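Some notes on the structure that comes next.
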Amino acid sequence: MAGFAALGLSPWLREQCAQLGISRPTPVQESCIPVILNGQDCMGCAKTGSGKTAAFVLPILQKLSEDPYGIFCLVMTPTRELAYQIAEQFRVLGKPLGLKDCIIVGGMDMVTQALELSRKPHIVVATPGRLADHIRSSDTFSIKKIKFLVLDEADRLLEQGCTDFTKDLEVILGAIPAQRQTLLFSATLTDTLQQLKTIAMNKPFFWESSSEVRTVDELDQRYILVPEKVKDAYLVHLIQKFQDEHEDWSIIIFTSTCKTCQILNMMLREFNFPSVALHSMMKQKQRFATLAKFKSSIFKILIATDVAARGLDIPTVQVVINHNTPGLPKLYVHRVGRTARAGRHGIAITLVTQYDIHLVHTIEQQIKIKLKDFAVEESEVLKILTQVNVTRRECEIKLESTDFDEKREKNKRKQLILDGKDPDLEAKRKAELEKIKRQKRKFKDQIQETLQRRQEVQLQRKREQKQKQAILEKA
Ligand SMILES: Nc1ncnc2c1ncn2[C@@H]1O[C@H](COP(=O)(O)OP(=O)(O)OP(=O)(O)O)[C@@H](O)[C@H]1O
């Protein structure tokens, strides 16, 4: 493997890398850095924790050092926390340049941001919604002359998921020059490749790691099959076990909703675990503070929604627990990728209920690896089951007495209106879908019950036949 010098990186940047302990390029860096330095568009699809950020930060800094001006580069990313992390990489590696960066994300003061933008920073790192708001409402800055556009977690930015970025991206793409270098990175680019090519139009170089398996070899991937009602007891048991055996390990627990995230955090706190929660219903400043506490290992357990699933680079994380099975294999890949980064080892455990087994099969098919069973002493779990369930119920009641649900409803309505949808109509649609889901589940349970009964009857018949035969033989 060649060193950074052979890739064409200047000595000052190599020195910066060395100071951060980055001495040899990773494969994605080795392949993409020369191409970017050569002026080509680039799409890099490499596994989680494989150094994709430096693969675009380093060549951009080199180009900036040759022709410094602002605004030189725009980086788009799906989450606010990730925007701060990327800006930090630019700042640390670009220190000798006296780099000026600016972070434009929702939840922070817009006036301050507008002022910073008007001061022509070299690098702008932004989430799409807030940057589009600035473009629509202000003419005190221009991104018409940027040299580089980077979409980090590019597939997520183009996905029409629960947060749809596509309209804001259209506004942003309309405000930047057609003549630019476009760099697209993610651990899961492949299914949005055609869409991405419409953004990186300049005959993009595409690099994908050759390995069939979508997750890193250093990651031990496990599952535990659990009935829904004992899931929390398993969770508490697992955390206790990891805390007892590995005092210095940090753990991320992923949940499906903000409410579950909040309740689980309250519950773990009741059991005196050092946990913090991170979800989109928290105020932005609180979100940053939470993450800072977790990153500095003051709190060793982070309970988060998928807002933390992508990109976050926290080397102390040794364990990822999926409290719910992710519905999309891609989401699974990103969640479990919060551990076992940059060659370190890690373990991911997914709690799977009987209704989610098909999801596990889909995940296994996509990532090309089978999850292994994680052995748990059930008797230990049973010992704490009642206490855990009672505590959870108490936490639910406590949360109900706050305005959490009300806030959530308001946020949802606001978002729907912003998306141009009718909140009442959407609520009706959702209720109908829930009804169908409940009916389906009931139907499934009924089928299972009938099958079980049939099996029992057949067994009983066989037993009776045997008895009859035995009597006949005796006679
Ligand atoms: N060449 C290198 N040698 C050693 N460590 C590196 C190298 N390049 C980057 N790193 C470190 O590896 C870690 C992971 O890098 P990074 O966050 O860029 O991963 P990623 O590929 O973007 O992952 P994800 O898909 O999860 O966003 C970081 O802490 C980074 O400093």
Side-chain angles (χ1 to χ4, degrees), residues 219-279 290 293-294 297-306 308 316-326 332 335-336 338-339 346-357 359-360 371-402 404 441 445:
L219 180 66
D220 184 7
Q221 303 183 66
R222 304 286 179 139
Y223 74 91
I224 307 176
L225 194 58
V226 290
E228 183 73 45
K229 281 181 191 141
V230 294
K231 220 183 196 184
D232 295 334
Y234 271 87
L235 179 71
V236 170
H237 172 76
L238 283 176
I239 296 173
Q240 188 66 62
K241 179 181 157 67
F242 286 123
Q243 287 246 307
D244 291 346
E245 291 172 8
H246 310 278
E247 222 179 274
D248 55 331
W249 282 14
S250 290
I251 304 173
I252 299 186
I253 300 152
F254 282 105
T255 64
S256 57
T257 66
C258 298
K259 192 170 179 179
T260 314
C261 185
Q262 189 79 9
I263 289 170
L264 285 184
N265 186 38
M266 290 164 75
M267 185 186 87
L268 293 185
R269 288 287 189 98
E270 289 293 327
F271 288 108
N272 287 326
F273 287 121
S275 69
V276 276
L278 181 70
H279 57 74
T290 292
K293 281 181 207 157
F294 181 65
S297 290
I298 299 173
F299 288 80
K300 289 216 155 43
I301 300 164
L302 177 74
I303 309 172
T305 57
D306 287 317
T316 48
V317 177
Q318 292 278 351
V319 185
V320 167
I321 300 176
N322 285 318
H323 185 258
N324 72 306
T325 311
Y332 173 86
R335 278 183 176 191
V336 299
R338 293 319 98 212
T339 185
I347 178 165
I349 303 173
T350 302
L351 300 180
V352 184
T353 69
Q354 79 233 53
Y355 304 111
D356 304 323
I357 294 170
L359 297 177
V360 176
L371 311 195
K372 286 189 240 148
D373 180 30
F374 186 84
V376 172
E377 272 193 48
E378 273 177 39
S379 58
E380 292 299 308
V381 179
L382 287 177
K383 274 186 206 160
I384 56 169
L385 179 62
T386 312
Q387 198 193 353
V388 170
N389 283 354
V390 169
T391 311
R392 170 155 182 158
R393 188 65 202 124
E394 281 168 359
C395 293
E396 281 172 352
I397 293 167
K398 239 188 238 172
L399 193 69
E400 272 158 24
S401 68
T402 68
F404 190 89
R441 193 170 273 202
D445 285 345

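Sequence positions, counted from 1, serve as the residue numbers for this chain. Computed from a predicted structure; not experimentally measured. Heavy-atom basis, side chains included; hydrogens, waters and symmetry copies ignored.
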With a 4.5 Å heavy-atom cut-off, do [X] and [Y] have their side chains touching?
X    : Y    : answer
I252 : R335 : no
T391 : V388 : no
R269 : M266 : no
I349 : Y223 : no
I347 : F374 : yes

Would you call the rings of W249 and H246 parallel, tilted or perpendicular, taking 30° and 60° as the class edges?
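Parallel.
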
Set out, in order, the CA-CA distance, both residues' side-chain angles and the distance that settles side-chain contact (heavy atoms from CB on, under 4.5 Å) for L351 and L238, then state yes or no.
CA-CA 11 Å; L351 300 180; L238 283 176; 4.2 Å; yes

Pairwise distance [atom1]([X]) to [atom2]([Y]) - rounded to 0.5 angstrom:
X    : Y    : atom1 : atom2 : result
K229 : L385 : NZ    : CG    : 10.5 Å
C395 : L399 : SG    : CG    : 9.0 Å
F254 : L264 : CZ    : CG    : 13.5 Å
I301 : L268 : CD1   : CG    : 6.0 Å
N265 : E270 : CG    : CD    : 10.5 Å
T316 : I251 : OG1   : CD1   : 11.0 Å

Shortest non-hydrogen separation from [X] to [Y] and the atoms involved:
X    : Y    : answer
F299 : F294 : O-CD1, 3.2 Å
T350 : P326 : CG2-CD, 4.5 Å
I384 : H237 : CD1-N, 3.9 Å
C261 : H279 : SG-CD2, 3.8 Å
T353 : E228 : CG2-OE1, 3.3 Å

Tell me whether E378 at atom CD has more than 12 heavy atoms from other residues, nucleotides or ligands lying less than 6.0 Å away.
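For E378, atom CD is not crowded (no more than 12 foreign heavy atoms under 6.0 Å).
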
Who passes side-chain contact (heavy atoms from CB on, under 4.5 Å) against K383, sequence neighbours left out?
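By the side-chain contact (heavy atoms from CB on, under 4.5 Å) rule, K383 matches E380.
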
side-chain contact (heavy atoms from CB on, under 4.5 Å) partners of I357, counting only residues at least two apart:
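Checked I357 against side-chain contact (heavy atoms from CB on, under 4.5 Å); matches are L225, V352, H361.
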
Is there a side-chain contact (heavy atoms from CB on, under 4.5 Å) between L371 and Y332 once you walk through the steps?
CA-CA 12 Å; L371 311 195; Y332 173 86; 3.4 Å; yes

Between K300 and P274 (side chain of the first, backbone of the second, donor and acceptor by atom type, cut-off under 3.5 Å), is there such a pair?
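Not confirmed, K300 side chain does not pair with P274 backbone.
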
May I ask you to decide if V317's main-chain N or O and T339's side chain share a donor-acceptor pair within less than 3.5 Å?
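The answer is yes, because a donor-acceptor pair under 3.5 Å joins these two groups.
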
Residues in salt bridge (charged side-chain N to carboxylate O under 4.0 Å, His left out) contact with [X], at least two apart in sequence or another chain:
X    : value
R222 : D220
E247 : none
R338 : none

Of all pairs that satisfy salt bridge (Lys or Arg N to Asp or Glu O under 4.0 Å), the ones with a partner from residues 384-393, not counting sequence neighbours
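Sorted result for residues 384-393: D232-R392, R392-E396, R393-E396.
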
Could you walk me through whether I263 and T255 pass side-chain contact (heavy atoms from CB on, under 4.5 Å), step by step?
CA-CA 10 Å; I263 289 170; T255 64; over 6 Å; no

Between T257 and T305, is a side-chain contact (heavy atoms from CB on, under 4.5 Å) present by the stated rule, with each step listed?
CA-CA 6 Å; T257 66; T305 57; 5.8 Å; no

